[in-house]
Amino acid sequence: MVFDWFKRTLAQPAPEPEPQPAPEAEPEPAAAAPAEPPVEPSEPVGAPTPAPAAPAGAGVDEDALAWARQAYARLKAQQEAASPVMAAPEPAPPAAIEPPSTPEPAPAPEPAHPAAPPVATGLSLLEQAAAQRQQRLQEITAPAEPEPAAAPAAAATPLAAEADAADPSLGAFDATFTWSAEVLAAQGRRVEEVSLEEIDWLGRLRRGLEKTRKGFVTQLLENLGDDPLTPAVLDDLESTLLRADVGVKATDQVLEALRRRLNEEVVDPAEGLRFLKEQLRGLLDAPIRAGDTVVLAPQRERLNVWLLVGVNGVGKTTTLGKLANLAVRSGYTCLIAAADTFRAAAVQQVSVWGERSGVAVVANPSANADPAAVVYDAIGAARSKGTELVLVDTAGRLQTKHNLMEELGKVRRTITKLAPEAVVESLLVLDASQGQNGLRQAMAFASAAGLTGVVLTKLDGSARGGVALAVASEAGLPIRFIGAGEGIRDLRPFNSFEFVEALLAS
């Protein structure tokens with residue numbers, strides 16, 4: 001069964017109503033009540049909706065724990081039922097059927113054929129260039145092209161084995177699983193709707209934000225303590241938020257909301273933390289609510305072109321490869337345009353990512369080829385094959401270099417002229433470890449490159465995960481995807497609720 005990550009339920013919970021609406025409409029607590037009779041008077045009252053408040057405070061909510069046990073038992077039964085089926089295909093790859101398929105990749109180097117056009121030696125340089133482009137376009141759109149598309153999936157056995165090895169497996173029923181299940185339950189998910197991929201991703205996200213959380217949460221809990229919040233505590237909280245690179249504007253907004261709350265009533269630490277989470281989610285969701293698209297997903301049966309832009313070293317090409325893998329596993333048809341023609345070995349790097357995901361790559365083997373020409377060829381190929389998503393890898397550029405920004409504009413104009421019906425997204429890839437420098441990049445690119453969203457990478461290697469809040473509040477850009485690991489599956493659509501819970505997990 002295809003699990004569409006783009007269309008995954010990302011509905012935000014409504015913890016604002018707090019425990020009041022939950023008491024009567026809950027049959028589920030009854031199942032957990034026999035397990036813990038002494039807790040019955042207080043715990044079942046706020047079971048399903050307040051589930052996120054439990055990890056925020058101290059212990060684990062018993063009803064959420066019972067929910068997690070049911071989810072674990074169901075996933076374990078699914079895995080055991082699927083294991084004999086998985087065991088059957090495994091003998092097939094080692095069999096002698098694979099060697100015949102290995103020669104098939106021979107057509108894959110077809111992009112090398114453009115070196116053959118020197119047939120028309122008597123032509124002028126312009127005529128030769130036109131002939132080369134025509135030949136390249138014919139090779140891309142030829143009916144023989146589907147064969148290479150099928151070949152990588154069947155022939156690249158080591159890569160397929162790597163992808164299979166990356167499949168998540170159910171681990172122990174530990175604190176990480178319990179926390180992941182609580183986060184899903186708090187979003188209104190039913191036990192039968194939970195997938196192993198979601199559980200696995202939440203565990204990765206929590207581990208990825210560990211460096212940010214280690215200093216941030218420790219100081220936060222020390223500041224909150226066991227006493228009601230005071231103005232002095234808010235001053236300490238301000239410095240904690242700024243050290244996590246949350247940004248001045250976001251910090252001011254959060255503290256202003258907390259001060260208003262303090263003026264109305266005495267706030268205990270548990271309620272203060274719940275209110276803080278609510279404010280952080282509001283900041284992250286504001287740019288998303290301001291736009292037309294809540295969840296960024298390719299539109300079915302329509303051409304979508306996503307450009308990935310950013311400075312050198314932030315992980316654009318790696319992010320593009322992970323996005324291609326995510327799209328293919330979510331059931332979309334995908335094509336990659338290797339338009340980073342200036343960086344050495346960039347085309348080869350994109351080709352490797354294409355092989356890993358079984359996605360065709362359109363490239364120009366010439367040195368310093370025109371990026372707009374590569375995009376031109378890719379769109380032509382995508383339209384002829386009915387491809388839904390074209391991912392464009394662009395050259396790294398400094399946000400202060402006007403001529404490089406103009407070149408990016410040329411690529412966009414090419415797309416608009418050739419495919420006016422296409423849905424175009426321009427995504428800025430930011431390295432979370434760059435902190436406030438990343439924020440300045442976002443501001444510059446937003447004004448020059450018509451950005452529609454941000455992809456935040458390398459969260460696992462940074463203690464500055466709070467920069468996500470700065471990007472959302474100060475640059476006003478919606479965060480669309482986040483990466484928290486090196487693996488091909490360590491990139492997912494952004495969910496503010498899950499991000500804040502992972503950031504403030506105790």
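In this text, all values refer to a predicted model and were calculated from it rather than measured experimentally.
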I need the L241 CG to R243 CZ distance, nearest 0.5 Å. 9.5 Å

Which atom pair, heavy atoms only, marks the closest approach of V467 to A432? CG1-O, 4.0 Å

Could you tell me the separation between the CZ atom of F494 and the CG atom of D285, rounded to the nearest 0.5 Å? 7.0 Å

Under 3.5 Å: donor-acceptor pair, side chain of N304, backbone of Q299: yes

Keeping the roles fixed (side chain from R204, backbone from A484), state whether a donor-acceptor pair exists under 3.5 Å. no

L469 and L284, any side-chain heavy atoms less than 4.5 Å apart: yes

Tell me whether E238 contacts the main-chain N or O of L234 through its side chain, where contact means a donor paired with an acceptor under 3.5 Å. no

Would D431 and V311 count as a side chain to side chain contact (heavy atoms under 4.5 Å, CB included) here? Give the steps. CA-CA 9 Å; D431 180 348; V311 302; over 6 Å; no

Let me confirm one number: the CZ-CG distance from F177 to L202, rounded to the nearest 0.5 Å. 10.5 Å

Salt-bridged, R189 to E198, with N to O below 4.0 Å? yes

Taking NZ, NE, NH1 and NH2 as the nitrogens, is one of them in R281 or E278 under 4.0 Å from a carboxylate oxygen of the other? no

Does L503 offer a backbone N or O that forms a donor-acceptor pair with the side chain of T212 under 3.5 Å? no

Below 4.0 angstrom, N of the basic side chain to O of the carboxylate: do E192 and R74 qualify? no

CD (Q348) and OG1 (T317) are apart, to the nearest 0.5 Å, by 11.5 Å

Any donor-acceptor N/O pair, T452 side chain to S426 backbone, under 3.5 Å: yes

So which atom in Y332 and which in E388 form the shortest heavy-atom distance, rounded to 0.1 Å? CA-OE1, 3.4 Å

Verify side chain to side chain contact (heavy atoms under 4.5 Å, CB included) between W179 and V183, making sure each step is shown before the conclusion. CA-CA 6 Å; W179 176 85; V183 171; 3.6 Å; yes

For N325 against S357, the heavy-atom pair lying closest together: CB-OG, 3.2 Å

Ignoring hydrogens and angles, tell me if any N or O in the side chain of R213 forms a donor-acceptor pair with the backbone of R206 under 3.5 Å. yes

Flag, side chain of E193 to backbone of R190, donor-acceptor distance under 3.5 Å: yes

Taking all non-hydrogen atoms of both residues into account, name the closest pair between L320 and V392 and its distance. CD1-C, 3.7 Å

Would R259 and D235 pass as an ion pair if we require N to O under 4.0 Å? yes

Considering only heavy atoms from C-beta outward, does the side chain of V361 approach that of W353 to under 4.5 Å? no

Indicate yes or no for a side-chain donor-acceptor contact from T387 to the backbone of T333 under 3.5 Å, with no hydrogens or angles considered. no

Here the gap from R261 atom CZ to N263 atom CG, rounded to the nearest 0.5 Å, amounts to 12.0 Å

Give a yes or no on this: more than 12 heavy atoms of other residues, nucleotides or ligands lie within 6.0 Å of atom CD of E486. no

Measure the spacing between NZ of K316 and CG of L430 and express it to the nearest 0.5 Å. 11.0 Å

Give the intermediate values and the outcome of salt bridge (Lys or Arg N to Asp or Glu O under 4.0 Å) for residues R480 and E425. CA-CA 11 Å; R480 294 303 190 182; E425 299 285 343; 5.8 Å; no

Looking at side-chain heavy atoms only, is the closest gap between D340 and V350 below 4.5 Å? no

Do you know which two heavy atoms are closest between A68 and A181, and how far apart they sit? CB-CB, 3.6 Å

Is any side-chain heavy atom of F481 closer than 4.5 Å to one of L323? yes

Heavy-atom closest pair (L326 atom, P493 atom, distance to 0.1 Å) is CD2-CD, 4.0 Å

Given side chains that start at C-beta, do those of L389 and C334 come closer than 4.5 Å, heavy atoms only? yes

List the steps and the verdict of side chain to side chain contact (heavy atoms under 4.5 Å, CB included) for I199 and L184. CA-CA 8 Å; I199 294 285; L184 291 173; 3.8 Å; yes

What do the steps show when you test V254 against T251 for side chain to side chain contact (heavy atoms under 4.5 Å, CB included), and what is the final call? CA-CA 5 Å; V254 169; T251 300; 5.9 Å; no

Is there a side-chain contact between E498 and W201 (heavy atoms, below 4.5 Å)? yes

Result of checking L451, D393, V429 against V309 for side-chain contact (heavy atoms from CB on, under 4.5 Å): L451

Any side-chain heavy-atom pair from V246 and S473 closer than 4.5 angstrom? no

Side-chain heavy-atom pair E182, E501 within 4.5 angstrom cut-off: no

